[in-house]
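Before any comments, here is the structure.
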There are 2 protein chains.
Amino acid sequence: MSEREIYALDVSSLILNRLSLYLRCLRALQEEGIHRVSSQQLADQFQLSAPLIRKDFAQFGEFGIRGTGYDIGHLIERLQSALGLDQQHPLLVVGMGRLGTALARYLGFNDATFRVVAVLDNDPAKVGQEVGDLTIRHTEEIEEIVRELGVEIGVLTVPADAAQAVYDGLVDAGVQAVLNFAPVRLQLRPGLPSKSVDFRTHLEELAYLLLSKEG
Amino acid sequence: MSEREIYALDVSSLILNRLSLYLRCLRALQEEGIHRVSSQQLADQFQLSAPLIRKDFAQFGEFGIRGTGYDIGHLIERLQSALGLDQQHPLLVVGMGRLGTALARYLGFNDATFRVVAVLDNDPAKVGQEVGDLTIRHTEEIEEIVRELGVEIGVLTVPADAAQAVYDGLVDAGVQAVLNFAPVRLQLRPGLPSKSVDFRTHLEELAYLLLSKEG
DNA sequence: CCATGTGAACAAATTCACAGCA
DNA sequence: TGCTGTGAATTTGTTCACATGG
């Protein structure tokens, strides 16, 4: 039976983010030709506790070897499968300003899991221009693009005042998840996964931490 | 008396991020000429609970009016002061690739609190080029740039394999906080505030959520 | 032995329920 | 009366301590 249905339960955002972190590290270790790792070794890397890491893994079953640690190849495989990273997720980026252009190239580069399959803008002057090996298409075409290319995830890099309308357009066109870079709080569709990345929030957090440091 | 010393205690990252979110919303309401808001109204906006929002505010003192709500202007002022957003924080961006260039323009644009005062790259071909109204300088000059311009926050947008070295260089040069966009886990200096933004982690979280939705 | 996996203890974050003040 | 501010209860997340098995 497929583990996917069993394990695709409510795993918290905190755990998911750590798993993603572990995965990056595990892939790097694998590149270096290392085959085994213990939760303690990972804990040292990440300044986390070893039991926490074991509990995170345990969300998706038992796949360590007692007394030995984890087989890196096996661990990567299981985690990737549990997170749905063993399938391709076609992305689409709307808003080919500087940030959108940079992200389109950055996110789609040389990756088996996430691949940018379309880039859109509503500026006729931009439509037809090339970004990497893709041609910018008009935002109005969004519905057929999503259908044709099986787009799963929409990336929003439009100005703040256009973000809500484009978000709605993405969802109506059949996109199943949204990653938003526009600095606004979107009115989200219930049940539709989405995340916002807000640079200003990160800077403001740092500003506060600076303050505390100086006293 | 200065509230700063009193309030600059350990406020959790979760609370800080929400405060930043509230602030954005409050500024928008202020723009619209609205003067008062209740915790319930904010809660509806953010799909959070009203007591949570009140507790968040309460970290920094009492400044609501019972039976009425909060005076938006006053609230903004107090929160900004509590977070250290009433002073300028000079930024420096290292790594003028596509992402770095986009971020330098994005972060420094028209803002009283965060201002990009220098952009750096180690590629001699890029040094001397213009990004907005700044000229790219060589990464080697980092120490004098930080000193001359009073840089507080360093933004890292260099490739993953250079990130640790540039991070160390930033810290040695006297930068007091770092915002990292390179997809690596940095070995951080204890006591020096830093945040990492990892686009892949966000995408991987969405991938998992897609999986759960489909079951 | 050694490191995993996990129930029990602990800590942190959030919600609840209501007292207190405009 | 209405909404803030907050202790108490609850939920969620993390650590501890140890039983389990290679």
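Reminder, nothing fancy here: chain letters follow the sequence lines and each chain counts from 1. Remember, predicted model here, so these are calculated numbers, not experimental data.
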Note: contacts of residues 21-39 of chain B with DNA chain D (heavy atom, under 4.0 Å) are B:S38, B:S39

Query raised in the report: Salt bridge check: are A:D198 and A:R185 linked by an N-O gap of less than 4.0 Å?
Result: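 Looking at A:R185 together with A:D198, the answer is no, because their closest N to O distance does not fall below 4.0 Å.
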
Can any side-chain N or O of [X] pair as donor or acceptor with the backbone N or O of [Y] at less than 3.5 Å?
X: B:Y208; Y: A:S13; result: no
X: B:S194; Y: B:A177; result: no
X: A:T157; Y: A:L99; result: no
X: A:D121; Y: A:M96; result: yes

- Task: Walk along DNA chain C from 5' to 3' and tell me the first and last nucleotide with an atom closer than 4.0 Å to a non-hydrogen atom of chain A.
- Result: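 Footprint of chain A along DNA chain C, 5' to 3': C:dC2 to C:dA8.
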
Those residues at least two apart in sequence (or on a different chain) that pass ring pair (Phe, Tyr, Trp, His ring centres under 6.0 Å) with A:F181 are B:F199

Q. Excluding sequence neighbours, so at least two apart, what forms ring pair (Phe, Tyr, Trp, His ring centres under 6.0 Å) with A:F46?
A.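 For A:F46 the ring pair (Phe, Tyr, Trp, His ring centres under 6.0 Å) partners, ignoring immediate neighbours, are A:Y22.
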
For B:Y70, report the nucleic acid contact type (base, sugar-phosphate, nothing); a contact means any heavy atom under 4.0 Å.
-> sugar-phosphate

The contact string for nucleotides 14-22 of chain D, one letter per nucleotide 5' to 3', using protein heavy atoms under 4.0 Å with B, S and - for base, sugar-phosphate only and none, comes out as SBBB--BBS

In terms of heavy-atom contacts, A:A118 and A:L149 come closest through CB-CD1, 4.0 Å

Between CG of A:L19 and P of D:dG13 the distance, given in whole Å, is 13 Å

- [ ] Would you mind reading off the distance between B:E62 atom CD and D:dG7 atom P, rounded to a whole angstrom?
- [x]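 Distance check: B:E62 CD to D:dG7 P gives 11 Å.
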
query = Any chance the side chains of B:S20 and A:E205 put a donor and an acceptor closer than 3.5 Å?
reply =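 On atom types as modelled, these side chains do not qualify, holding no pair under 3.5 Å.
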
Side chains of residues 66-73 of chain B: which donor-acceptor partners sit under 3.5 Å, not counting sequence neighbours?
| unit_1 | atom_1 | unit_2 | atom_2 | d |
| --- | --- | --- | --- | --- |
| B:D71 | OD1 | B:G73 | N | 3.2 |
| B:D71 | OD1 | B:H74 | N | 2.9 |

